[in-house]
Amino acid sequence: MSKLTVTVPDIGGAENVEIIEINVAVGDSVNADQDLLVLETDKATMEIPCPQAGKVQALLVKVGDKVSEGSAILELESADSADTEQNNAEQISAEPAAAAQEPAPAAPAAEINAGSAADSVESLIDLVVPDLGGASEVTVIELCARPGDTLSADDSLIVLESDKASMDIPAPQGGTLKELLINIGDKVKEGQVYGRLLTQEQPGSAASAQQTSAQPALNKAVENAPAPTAAAVSAVPVAAAPVVSETTNSAEKTDIHNVYAGPSSRRLARQLGVDLTKVKGTGDRSRITKDDIRDYVKALVKQAESGVAAVTSGAGIPAVPAVDFAQFGEIELQLMSKIKKVTAANMSRNWLNVPHVTQFDEADITDLDAFRASMKAEAEKQGVKLTPLPFLIKAAASALTLEPSFNVSLHHDGEHMVQKHYVHIGIACDTPNGLMVPVLRDADKKGIYQIAREASELIEKARNGKLKPNEMQGGCFTISSLGAMGGTGFTPIVNAPEVAIMGVSKAQIKPQWNGKEFVPRNMLPLAVSYDHRAINGADCGRFFTTLVALLSDVRRLIL
Ligand code: CAO
């Protein structure tokens, strides 16, 4: 480990360049090539990467400072002790990434002689990707003009982006854009013809050459969002620059074009799927920084956790209006536990996403309950409490095996169903912190005692907040039992990506007709809610019949 001072690399001769973003803090561990800060001239933004891995010991600059080549940026404790030559050096320049990534100046564009239209001749010139400064391939991220547009020399035509820089490629001279041969997302190489421009030129002028590269790209490398004051940008008639993209309409394009953000922020926004027009910029001249995007995402996540986002955004359903309850009487605000907030968000998500159907039935558990009562003492000797729950878990697991159409999930591609060949049962569990659903694995392969033992352990862990994440994952079907609490029936919400859940209410002695007379039987009310995208009513009918038969004749559980 050794300390070194990282300095500003060769930035193409630019002096007193403003620091507009600092992307690291003291104590951060950084990788080689990780962006340290962003510099901005009036024409370009440059990300300065870290020359080698290490830990930031001190920041020697702040946002707004002006720096030139050689200015000290930060002190780094190098992580790479093998790199003795660099470690021993007192100062080390960041790789001149911007210079390496941005195109080197190409040959100056042909000069256009002024002349009247009558004197001029029309010629079609190829638009050629200029020198990319060593980058082999870059991506087309914006199309700033479309065929038929009249352009002046230097009007932006396309924006290219490499790992470290975005380049605004301007029209080499004025004319009418005849065709564009690329689309957003295409990779292009230096020398590639990407379009054709119809120009008016005086005969014999140098500009009548058939191939024309763009103006020196490094000088024209501007952030792909124009600064409101940048001359290169004001030359781009935004309204006349509709995007040619399948996914973005011209109105959206216009908005995004007007957003003031640097390439790194735009890249982050694209990675996170953030619409930059919705982000408030807090940087200089309301520039959107990476932190603004992160704050925006954090706020959205927070909203989602509180369940608000799911309600306000799901299928365009309007939010429930905020009410000042204090106007009706005394109130107090109680903080929701994390589990309650997550449950609220999940319930809203599942309620809005899953088309629910609930079917009801009753199982005659008279014999099961008699058997359970007869086994209770023996079970207790083995340290097991025999409630109806282990029998319900075993019966559900057997029913899922016998009716595999219930043991599925919808694949996220919308094209497939996932048929599961394992049977893990979720147990909805009321805990002091809220509802938790531990998962009992391979219930189809286990006996009643083992299921009872494992279920008790999982329930205890849930109530003590000791469940591990993997103990709450992988469920195929959930049992939500309110039997101990009472009630005659309820409609549980499917615990997606599972496709079905069973709600169990309190068993009651009810008169049942046996063909000759009414007899008292212990009837257990059951409700099964299912995702109608995955399961049909007939599937549920079969599943329910199987389940009720298993519960009504406990001997079937061992078959
Ligand atoms: N009918 C009648 N009695 C029942 C019964 C039923 N359906 N289910 C349980 N009981 C009885 C038990 O037999 C036990 O009585 P004994 O001690 O005399 O045997 C008593 O009720 C208490 O049972 P329990 O609650 O300790 O255990 P359990 O195995 O039945 O349930 C659990 C465990 C975790 C499912 C339950 O405690 C729980 O938390 N349920 C809440 C589920 C929930 O909140 N769901 C969300 C609803 S919205 O989807």
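Ligands are counted one by one from 1 in listed order, and the atoms in each one are counted from 1 as well. Throughout, residue positions are numbered sequentially from 1 according to the sequence presented.
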Query raised in the report: Any N or O on K506 sitting closer than 3.5 Å to an N or O of ligand 1?
Result: no
Report task. Please determine if A507 has a nitrogen or oxygen closer than 3.5 Å to a nitrogen or oxygen of ligand 1. Result -> yes
List the closest protein heavy-atom neighbour of [atom]: residue, atom name, distance to the nearest 0.1 Å.
atom                    : value
atom 31 (O) of ligand 1 : L389 CD2, 4.4 Å
atom 13 (O) of ligand 1 : P388 CD, 3.3 Å
atom 6 (C) of ligand 1  : G483 CA, 3.4 Å
atom 47 (C) of ligand 1 : S480 OG, 3.3 Å
atom 37 (O) of ligand 1 : R463 NH2, 2.9 Å
atom 20 (C) of ligand 1 : A484 CB, 3.9 Å
atom 40 (N) of ligand 1 : S481 O, 2.9 Å
atom 28 (P) of ligand 1 : T387 OG1, 3.8 Å

For [X], atoms of ligand 1 separated by under 4.0 Å from a heavy atom:
X    : value
C429 : 34 (C), 39 (O)
R372 : 13 (O), 19 (O)
S505 : 6 (C), 7 (N)
K376 : 16 (P), 18 (O), 19 (O)
K385 : 17 (O), 26 (O)
L524 : 7 (N)

Under 4.0 Å between a side-chain nitrogen and a carboxylate oxygen: does that hold for [X] and [Y]?
X    : Y    : value
D291 : K298 : no
K510 : E362 : yes
K446 : E454 : yes

Using a 4.0 Å heavy-atom cut-off, which part of [X] comes near ligand 1: side chain, backbone, both, or neither?
X    : value
I493 : neither
I459 : side chain
I479 : neither

Requested in this report: Would you name the heavy atoms of F490 and F360 that are closest together and state the gap between them?
Outcome: O-CE2, 4.1 Å
Query raised in the report: Looking at atom 15 (O) of ligand 1, would you say a protein heavy atom lies below 4.0 Å from it?
Result: no
**Report entry** Exercise: do S456 and K385 side chains pair donor with acceptor under 3.5 Å
**Finding:** no
Query raised in the report: Are any non-hydrogen side-chain atoms of Q359 and F544 less than 4.5 angstrom apart?
Result: yes
Report task. May I ask you to test the M502-F477 pair for a side-chain heavy-atom distance under 4.5 Å? Result -> yes
